Amino acid sequence: MINYSKAPIQELKSQLFEQHGVRVLVKREDLNHAFVSGNKWWKLKYNLEDALRQGHETLLTFGGAYSNHIFATAAAGKELGLKTIGIIRGEEVLPLNHTLSFAESCGMKLHYISREAYRKKAELDFIKQLRDQFGNFYLIPEGGTNELAVKGCAEFAEQLNNEIDFDYLCLSIGTGGTMAGIIAGLDASKRIIGFSSLKGGAFLEEEISKMKSPEKTNWSVNTEYHFGGYGKTTSELKDFIVKVKEDYQLPLDIVYTGKMFFGVVDLITKGYFKRGSTVLALHTGGLQGNPNENEKNT
């Protein structure tokens, strides 16, 4: 299987945090693997084990042009000697961005479909068409989100319970699978806040509810910091990411973690977190989405 490096916890100190009586820690899961990093390692762990156990030679999955999941699945397939196919939402745009060019360099076959067709990705008839076209494969859903992914993320949350004491866990969410696993595995006394990277992400509450333990109510989805939607950004967000890297030597990506951490700092400024509490922000990787990170990820 793919190796895992235990990720460090980085404490961030600033006058702002001290003023509001909040301790801020970052779980640097972006450092757990060179390419299959962040939450993607945990979401893919049991899916990859299952694919190998069943004797599959090909992985097929879905994602957008900036998908961390596409990036990670391509890298995992290369490392394990598996063929990979990525069904990409939308038309091909040349030159390819770094995420897709890296996936191709790992041997992933990219197949572009319309957004209308992409909405059928979970339908049995559509999956049958893909099997007719590409042959036998192990199917991993968009974002890697399924029961095996939730299992892996719950395992990660259980480790966090034993590793450090904190009051709030903050993370970015796309499909909601990571958060569902975190909810399942984390101690119910801790509050979990998911920051949607999608515009109109309120639907994620229902999606997460379908996957999480029904008795857990210690969570919420924040939809205020999407900066225009998935894959979109603003000069304000870009400037914030640059400042965080300068002040804390903490790199963030523009698609997920930058938005989440902007939200955390803004909520601290507004006095959202209780004085004397500890906030643990989960760094879920995705740094290949930043142009200035391309060189170190190729």
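Keep in mind that this is a model prediction, so the values were computed, not measured.
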Please determine, by modelled atom types, if [X] and [Y] share a side-chain donor-acceptor pair under 3.5 angstrom.
X	Y	answer
Thr178	Asn39	yes
Gln288	Asp253	no
Asn97	Tyr66	no
Asp125	Gln129	no
Tyr225	Asp266	yes

Any donor-acceptor pair under 3.5 Å linking the side chain of [X] with the backbone of [Y]?
X	Y	value
Asp167	Thr278	yes
Asn161	Gly185	yes
Arg89	Arg119	no
Tyr230	Tyr256	no
Thr61	Gly86	no
His283	Pro251	yes
Lys216	Ile183	yes
His33	Phe35	yes
Ser67	Gly64	no
Lys27	Leu282	no

If two hydrophobic side chains count as joined below 4.5 Å and joins carry through other members, does [X] share a cluster with [Y]?
X	Y	value
Ile182	Ile9	yes
Met1	Tyr4	yes
Phe134	Tyr112	no

Report the residue from Lys151, Glu155, Glu147, Arg53 that forms a side chain to side chain donor-acceptor pair (under 3.5 Å) with Tyr46.
Glu155
Quickly, which of Lys43, Lys121, Lys120 forms a salt bridge (charged side-chain N to carboxylate O under 4.0 Å, His left out) with Glu142? Name it, please.
Lys121
Between [atom1] on residue [X] and [atom2] on residue [Y], distance to nearest 0.5 Å:
X	Y	atom1	atom2	answer
Met179	Met211	CE	CE	10.0 Å
Asn47	Asn146	CG	CG	4.0 Å
His111	Leu60	NE2	CG	9.0 Å
Trp41	Ile2	CH2	CD1	8.5 Å
Leu204	Glu206	CG	CD	10.5 Å
Leu96	Ile88	CG	CD1	9.5 Å

Within 45° of the axis and under 6.0 Å from the centre of the six-membered ring of Phe17, does NZ or CZ of Arg23 qualify?
no
Pair Phe240-Phe261, side chain to side chain contact (heavy atoms under 4.5 Å, CB included): steps then yes or no
CA-CA 9 Å; Phe240 173 80; Phe261 200 72; 3.6 Å; yes
Are the side chains of Leu250 and Val26 in touch, meaning some heavy atoms are under 4.5 Å apart?
yes
Below 4.5 Å, heavy atoms only, C-beta onward: do Val264 and Tyr168 meet side chain to side chain?
no
Residue pairs, two or more places apart or on separate chains, that pass salt bridge (charged side-chain N to carboxylate O under 4.0 Å, His left out) and touch residues 178-203
Asp165-Lys190
Could you check whether Glu246 pairs with Lys243 (Lys NZ or Arg NE/NH1/NH2 to Asp/Glu carboxylate O, under 4.0 Å)?
no
